[in-house]
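Read through the structure below, which is laid out as structure tokens, and then see the notes.
The residues of the chain are indexed from 1 along the displayed sequence. Remember, it's 1-based here, ligands and their atoms both numbered in the order they're listed.
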Amino acid sequence: EKGHTGDFHIEEAVEWPGLDLKLGQVSGLALDPENNLVIFHRGDHVWDENSFDSKFVYQQRGLGPIEQNTILVLNPSNAKLLHSMGRSLFYLPHGLSIDKNGNYWVTDVALHQVFKLGAHDKEPLLILGVALQPGSDRNHFCQPTDVAVDPITGSIYISDGYCNSRVIQFTPKGLYVMQWGEETSLGRARPGQFHIPHSLALIPDFSQLCVADRENGRIQCFKLETGEFIREIKHKSFGRELFAVSYVPGGFLFAVNGMPYPGEAEPVQGFVMNFSTGEIIDTFIPLRKNFEMPHDVVASEDKTVFVGDVHARAVWKFASLEKMEHRSV
Ligand SMILES: O=C(N[C@@H](O)C(=O)O)c1ccccc1
């Protein structure tokens, strides 16, 4: 088997029936405290070139909010639907995170807002940002992409976003604390500069926040308390775009990249890295169907990995070979 060193290797769990779920564009994935898979998708709405004007104002309000349930809770083994919610709330879902108390934190790039939802509540518990108003001050975001919640302090981190280049920290109750990041200058991308901060991974063991710096094709990691740049993780095999990053306790970092430049070699694939060294220890692609625009990745402690694709409208499951080998023996 190429693509992996040592004994760590994951492959698509082809018995996972989640490939034939009737999903909209899948934008966000997370695992809840019971290790159920939670999917954030766009129902019958799509993000395409007509969705926004040149000032990032959403153009399709007339459609109304998505009437399908946008948040689906699935059994991670058999993909059975356990619970669904989130209808009539969102226009263009993007990021999804679940905090240690089981609350859902989501972003909507059309509303330019961040929501905290109880797992079984209709009314949001907290909303940040001003509906449909892009901006870049303390209470306006511009297409915010993801949220991460510190399990120790409850601090909220928001990656903002497609049309801003910053990470903002709020208190657990939503009061602005600080922000860091700036636009990538022409020429080369310096530390602390972003070109679409697209996904967040909070690493409690090391008190760090890692950011998928999408169009710079890299991961940047910062000190949680201060936003101080710690290091960059970048590999040629990432290619042009690095879409999402996810951490699992024990020191593994997972990521997915985007389509290469036309004619470039780097395939669209998933990566498993050793967090401490930044080295790639495994790569993975589906056996069934193909990655088109893998948009989020989430991993559980037993190294089960899920990838959601916004163009293929699919969710794949990957599991470690030794686990599956035991089963097949
Ligand atoms: O990146 C884009 N979309 C994805 O990230 C997403 O759908 O979240 C996009 C860019 C330009 C036009 C339309 C969509």
Tell me, which protein residue and heavy-atom name are nearest atom 1 (O) of ligand 1, and how many Å apart are they?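 Minimum-distance protein heavy atom for atom 1 (O) of ligand 1 reads Arg214 NH2, 2.8 Å.
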
Students should be able to answer this: which protein heavy-atom is nearest to atom 5 (O) of ligand 1, and at what distance?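 The protein heavy atom lying closest is Tyr162 OH, 2.6 Å.
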
Contact with ligand 1 for Glu215, non-hydrogen, under 4.0 angstrom: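 Judged by the 4.0 Å heavy-atom criterion, Glu215 does not count as contacting ligand 1.
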
For atom 9 (C) of ligand 1, which of the options Phe52, Trp47, Phe243 provides the nearest non-hydrogen atom?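 Looking at heavy atoms only, the winner is Trp47.
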
Options Arg42, Met293, His94, ranked by nearest heavy atom to atom 7 (O) of ligand 1, top entry: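 Residue with the shortest heavy-atom distance to the ligand atom: Arg42.
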
With heavy-atom distances below 4.0 Å as the criterion, list the atoms of ligand 1 near Val310.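 Ligand 1 atoms under the 4.0 Å threshold to Val310: 7 (O).
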
Which of the atoms of ligand 1 are close to His295, meaning less than 4.0 Å from one of its heavy atoms?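 Those of ligand 1 that fall under 4.0 Å from His295 are 4 (C), 5 (O), 6 (C), 8 (O).
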
Is the shortest side-chain N to carboxylate O distance from Lys234 to Glu232 below 4.0 Å?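 Result for this pair is no, no salt bridge flagged.
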
Check Glu12 with Arg288, please: is the shortest side-chain N to carboxylate O separation under 4.0 Å?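 Yes.
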
For Glu49, is at least one N or O under 3.5 Å away from an N or O on ligand 1?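 N/O-N/O distance below 3.5 Å does not exist for this pair.
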
Indicate whether any N or O donor in one side chain lies under 3.5 Å from an N or O acceptor in the other, for Ser185 and Gln193.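 Distance-only check passes for Ser185 and Gln193.
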
How close do Cys221 and Phe275 get, heavy atom to heavy atom, and via which atoms?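 Scanning both residues completely, I find the closest heavy atoms to be SG-CE1, 4.3 Å.
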
Should the pair His45 and Tyr91 be assigned to parallel (<30°), tilted (30 to 60°) or perpendicular (>60°) ring geometry?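 Geometry flag for Tyr91 against His45: tilted rings.
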
Ring geometry between Phe222 and Trp180 (parallel below 30°, tilted from 30 to 60°, perpendicular above 60°):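 Because their plane-to-plane angle lies in the 30° to 60° range, the rings of Trp180 and Phe222 count as tilted.
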
